[in-house]
Amino acid sequence: IDDTPVVVRNGQAKGRTTDRVWVYRSAEGNVAFEFRMDRKKEGPLGMLGQYRGFVQGDDYSGHACLFDPSYERVSLLCWAHAVRKFRDAETSSPRLSKEFDVLFALLHAVELEAKGMSPPERFRYRAKHARPVLAEIKDWVDGRRLTVTPKSKIGVALEYLHSNWTALNNYLLDGRILDITNNGAERALRRVAVGRKNWCAGQSSDKENGRSYGSSKPCLGPSGCKPRPAKVDHQPEPSDAWCWGDPRCEAFTGSLQAV
């Protein structure tokens with residue numbers, strides 16, 4: 001699960017608003033987009049519905065509502081976000097950033113080996129090879145975070161690992177989880193981000209979630225359907241970035257694990 005901002009014109013009225021496009025990617029690789037006028041919890045809660053299981057995303061605080069115990073969902077946080085935070089700290093803290101790179105390279109090597117395995121094999125392989133690496137990373141984080149300024153870039157990176165450690169390790173619970181990052185959902189959103197530069201702003205004639213881009217019903221991205229372009233200031237060529245509410249699309253199925 002992920003989201004990105006889009007600028008929307010208020011129909012014939014003056015002014016524009018910054019709304020959101022949400023993406024949901026299943027474990028099978030199907031992608032659903034939904035337009036929302038905000039980042040409120042009603043959006044992802046409505047999409048997930050009665051779904052139980054793993055949900056992967058970033059550490060946006062608004063996602064916390066998705067993991068109320070009554071929903072029986074498990075949070076998977078993105079290791080790529082952790083890597084980026086240490087990349088941001090390379091200039092100011094090159095030594096600690098390099099130390100993290102070396103440790104994460106070991107974890108990444110485990111994932112490369114496990115990629116082609118069956119779920120049971122992947123589960124056992126991670127338990128044997130990833131857990132020791134994760135334990136080493138945890139010890140390193142616990143020691144280093146006490147030696148840096150909390151609000152520095154390296155302090156923020158270390159705190160991300162410390163405060164989100166359980167969710168970052170939850171991928172060990174199930175061998176069906178293919179990826180320890182949320183890169184799949186982020187790649188899907190790039191189609192929106194690239195298109196955003198071409199069409200400048202969407203146009204809305206009302207104030208209902210999902211109406212600006214054709215329908216409140218989201219539909220699949222890579223499902224073989226022909227996308228329908230949005231109504232925009234400057235009409236773009238149809239592209240894969242726009243696949244909103246097309247009735248020819250299949251229903252969105254599959255577990256909503258954004259991998």
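Small disclaimer: the values here were computed from a predicted structure and weren't measured.
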Provide the closest heavy-atom pair for [X] versus [Y] in the form atom of the first, atom of the second, distance.
X    : Y    : value
A127 : P132 : O-CD, 4.2 Å
Q56  : L77  : NE2-O, 4.2 Å
D174 : R126 : O-NH1, 3.8 Å
V23  : A185 : CG1-O, 3.6 Å
N170 : S75  : ND2-O, 2.8 Å
L172 : L134 : CD1-CD1, 3.5 Å

Practice problem: Mark yes or no: R122 above the aromatic ring of Y125, with NZ or CZ under 6.0 Å from the six-membered ring centre and no more than 45 degrees from the axis. | Solution: no

Nearest 0.5 angstrom please: [X] [atom1] to [Y] [atom2], how far?
X    : Y    : atom1 : atom2 : result
L103 : L107 : CG    : CG    : 9.5 Å
L106 : E136 : CG    : CD    : 6.5 Å
L168 : S163 : CG    : OG    : 8.5 Å
F67  : E72  : CZ    : CD    : 13.5 Å
R187 : D2   : CZ    : CG    : 12.0 Å
M37  : T18  : CE    : OG1   : 11.0 Å

Below 4.5 Å, heavy atoms only, C-beta onward: do [X] and [Y] meet side chain to side chain?
X    : Y    : result
N30  : Y24  : no
L161 : W79  : yes
T181 : C78  : yes
W165 : I137 : yes
F86  : V156 : no
D19  : D38  : no
L96  : V148 : yes
R39  : W22  : yes

Main-chain N/O of [Y] paired with [X] side-chain donor or acceptor, under 3.5 Å:
X    : Y    : value
N164 : D59  : no
S152 : G155 : yes
R73  : L66  : yes
Y51  : F54  : yes

Quiz item: Only one of H129, K115, R131, K128 forms a side-chain contact (heavy atoms from CB on, under 4.5 Å) with V110, so which one is it?
Solution: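 Between V110 and the candidates, side-chain contact (heavy atoms from CB on, under 4.5 Å) is satisfied uniquely by H129.
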
Self-check item: Partner of D3 by salt bridge (charged side-chain N to carboxylate O under 4.0 Å, His left out), out of R36, K40, R20
Solution: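 When R36, K40, R20 are each tested with D3, the salt bridge (charged side-chain N to carboxylate O under 4.0 Å, His left out) holds only for R20.
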
Going by an N to O cut-off under 4.0 Å, is there a salt bridge joining [X] and [Y]?
X    : Y    : answer
R144 : D139 : no
R84  : D88  : no
R95  : E99  : yes

Quiz item: With the 4.5 Å side-chain cut-off for hydrophobic clustering, are I180 and L173 part of the same group?
Solution: yes

Quiz item: Can you get from Y171 to F104 by hopping between Ile, Leu, Val, Met, Phe, Trp and Tyr side chains that sit under 4.5 Å apart?
Solution: yes

